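See structure below.
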Amino acid sequence: MDAGHLNAPQREAVLHEGGPLLVVAGAGSGKTRVITHRIAHLVLERGVDPRHIAALTFTNKAAAEMRGRVARLIKGSGRTAEGGLARQLTMGTFHSLGLTILQRERAALGFPRGFVVYDTADQMGVVRELMRHVRGGEDRRYDARSILTRISLAKNAFRPPEDYQPADGDDYDEVTAEIYPRYQAALRGFAALDFDDLITEPVRLLREHADVRERWASAFSHVLVDEYQDTNRSQLLMVKELVARHGNLCAVGDDDQSIYSWRGADPRHIQDFERDFPGARVVVLDQNYRSTPTILASANAVIRNNTDRRGKELWSTRPDGPPVTAVTAVDPEAEAKFVAQEIARLTGDGRRHRDIAVLYRSNIQSRELEEALRTTRVPYVMVGGQQFYERKEVKDVIAYLRVALSERDEISLRRIINYPARGVGPTTVEKLLHSAHARHTTLWRAVVDGASGGGELRPAQADALAGLVAAISELRAAMDTGDVQSAVRGLIETIDLHGDLRAASTSLTASQRRIDNVEALIRQVTEQQKRKPGREALLEYLRFLSLASDSEEERDDGGDRVLLTTLHGAKGLEFPVVFLIGVEEEILPHARSLMPHANDVSDPDHVSDVSEERRLAYVGLTRAQEMLYVTRCASRRRHGRQVLCTPSRFLLEIPEQLMELRDVAAESREPVHAGELSAFFQKFATTD
DNA sequence: AACTTGTCAATTTTT
DNA sequence: TTGACAAGTT
């Protein structure tokens, strides 16, 4: 492997001998290159067995990409005939490694064989149900997601349910204190783990069982962590356990790009690295290969105003490009129109659509944009949002499989108990739950009893339940023959899923898409069964399926389309042309970061501060390679009221000589400005 | 099960 | 002002 085309710090990171290493990798500084080259170096030059290397990421996509790049490096080295070595690497998300550990050590933990993994939707189901019991009548006043956020933060801080201390006078905290212990007990009762458990339970396991700890502390001789600034406390502890024996940790990240602290990520992990891992070597990658000096200067000028950071300035030897275009529009419609027309102009001059991205703070800002892009006939693709909710049909089939494999999985059972509709209403479910509770048994047992006329149910309901029990028994029997594919097909037939999908869909294409989704699931399951047959393997597969993000299934990168995404969604991406829109106070920085504790229902522990918003702006600015537009509105409707908008403080932090100001409002009418800050801009608008 | 009506909130969402 | 969501109505 040739390390000659790496710069000095990159080379140092790649060749670093052993012990803890932190690579502070600025935006566009070749961070992925360092990780992949380091792995290739370990395998090829140092002869490390790839099975003893673990690389941890936050997304499956990042893991897959990394594996691909390492495979190419190893292949390209000519030192080995086949790229099979890359396949032996442990590369995945924190959660998938946690799940692997739990599956291997299931016995030590005392987890049932058929445990399942609950995703966010499943978790919400649990919380909603508990709320009905705990706060019957007023349960709707509380947002389940907000309670889950609190539970999640508590879990990751290893605060046990019984120790949860509600903040004084915080209603949500008080509800959480009531729900959290019940939630955890319910999960265990359902033989289910949530995402947080996939990290915290392995940590607990490693801490409490010396033999298990020994096994995993020597499983990997080298551990690499990508996006280290996004690790939360429990993930840090997991890493610590994994490298406890040798300290061979290579953490790569950028404290200036930490934008997930609201989810428990702690940017201080980058700052405290030397304290967490004594004797650590720190390498800073600040040469940027992505953006023009002007763009970098703008980004540097903004991030410089954050205090709590390690501190670095990106630099580049690239030739300079055009100034940053700062645009003021009258309102969001005008702003969107400007963006659309500017894109049309650029593509008219030969720029490809796919080289352009429009970034915004909140999804809601995409509305006017989509409208304008459609009008101007600019092809675009939006990432994020919740297009994956269409996967309902897939989740339904999975729920059937889960119930067949694990009868304690109550949330899955409740999902399918009346789907497709079979006349089992809420009242019947309530009765069943009641009888299950009274007899200390599972909902499934109650269903089976009810189906044979056991409970206080009417014949119609008993019949309906019998239908469900028959479908599940049939599914189980079919699965036991080993032919999972026909088992699932049989199930779909029995419950007439296609019929229901056709009836529920508004159009033929919509129902066909859903049927195709189900078919895709069947194909995947069949594929998996070929590799590793049996119930146990299917269960394992279903668990990993809960972790599989939906985006990786169908992200067609092929089309030549403008990308629309939130700033969070843009992390890790780069584009020749970037539009950052809505650069206004209350939008970026978001209003909620400006009012410290006022009714902050969703995020108790996280002190909302502007520094994370500044990092978001920084992430946005550093996505641009050649051309950067920052746009804002003079006025917009807010909660129905037309209000004047103040330019973002971040905009004012960019040195004026780096910008070219354009006021698209000036053409039609006198520009509308508000507050003192805009006086600054007015001055430039007139000199423009 | 499909409708209407009322209430409430209004970021970001890797797993 | 919109919109999502859920309870109440037919």
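The chains referred to below are lettered A, B, ... by the order of the sequence lines, with proteins before strands, and numbering in each begins at 1. All heavy atoms count here, side chains included; hydrogens, waters and symmetry mates do not. The shown structure was predicted, so the numbers you read here are calculated from the model rather than taken from an experiment.
- Looking at residues two or more places apart in sequence or on another chain, you find a salt bridge (Lys or Arg N to Asp or Glu O under 4.0 Å) between E584(A) and R636(A).
- If you take atom P in dT12(B) and the same atom in dC5(C), they sit 14 Å apart, rounded to whole Å.
- For T59(A), whose side chain is taken as the heavy atoms from C-beta onward, the closest listed nucleotide among dT11(B), dT13(B), dT14(B) is dT14(B).
- You'll find that the side chain of S362(A) is closest to dT11(B), out of dT11(B), dT13(B), dT15(B).
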Review item, side-chain donor-acceptor pairs of residues 250-257 of chain A, under 3.5 Å, at least two apart:
| unit_1 | atom_1 | unit_2 | atom_2 | d |
| --- | --- | --- | --- | --- |
| D254(A) | OD1 | D256(A) | N | 2.9 |
| D254(A) | OD1 | K312(A) | NZ | 2.7 |
| D254(A) | OD2 | Q257(A) | NE2 | 2.8 |
| D255(A) | OD2 | Q271(A) | NE2 | 3.4 |
| D255(A) | OD2 | R310(A) | N | 2.8 |
| D256(A) | OD1 | R309(A) | NE | 2.9 |
| D256(A) | OD2 | R309(A) | NE | 3.4 |
| D256(A) | OD2 | R309(A) | NH2 | 2.8 |
| D256(A) | OD2 | K312(A) | NZ | 2.9 |
| Q257(A) | OE1 | R623(A) | NH2 | 3.2 |

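- Salt bridge status for R592(A) with E586(A): absent, with no side-chain N to carboxylate O gap under 4.0 Å.
- Taking atom C1' on both nucleotides, dT2(C) is separated from dT13(B) by 22 Å, rounded to a whole Å.
- Phosphate proximity of dG3(C) to R367(A): present, with a side-chain N or O under 4.0 Å from OP1 or OP2.
- Here H590(A) packs flat against the base of dT11(B); its ring centre is closer than 5.5 angstrom to the base's six-membered ring, tilted by less than 30 degrees.
- Of the listed residues (D119(A), D396(A), D122(A)), just one forms a salt bridge (Lys or Arg N to Asp or Glu O under 4.0 Å) with R415(A), and that residue is D396(A).
- Computed from coordinates, the Y228(A) OH to dT14(B) P distance equals 22 Å when rounded to whole Å.
- Within 4.0 Å (heavy atoms only), R615(A) reaches no atom of the nucleic acid at all.
- The separation between D194(A) atom CG and dT13(B) atom P is 21 Å, rounded to whole Å.
- An OP1 or OP2 oxygen of dT13(B) is reached within less than 4.0 angstrom by a side-chain nitrogen or oxygen of N363(A).
- Put simply, W262(A) rests on the base of dT12(B): the two rings are less than 5.5 Å apart at their centres and nearly parallel, under 30°.
- Close to dT11(B), at under 4.0 Å from its OP1 or OP2, lies no side-chain N or O of S593(A).
- Here T57(A) lies out of heavy-atom contact (under 4.0 Å) with every strand.
- Here A421(A) lies in heavy-atom contact (under 4.0 Å) with sugar-phosphate atoms only.
- Across all strands shown, D196(A) has no heavy atoms under 4.0 Å from either base or sugar-phosphate atoms.
- When heavy atoms are screened at a 4.0 angstrom cut-off, R361(A) is found touching base atoms of the nucleic acid.
- Judged by closest nucleotide on DNA chain B, N418(A) is the one of N418(A) and T566(A) placed further toward the 5' end.
- Looking at heavy-atom distances under 4.0 Å, F94(A) makes no contact with the nucleic acid at all.
- A salt bridge does not link R543(A) with E540(A): none of the charged nitrogens is closer than 4.0 Å to a carboxylate oxygen.
- Taking atom CG on L547(A) and atom C1' on dT13(B), their separation rounds to 15 Å, with Å as the unit.
- A donor N or O paired with an acceptor N or O is found under 3.5 Å between the base of dT15(B) and the side-chain atoms of R263(A).
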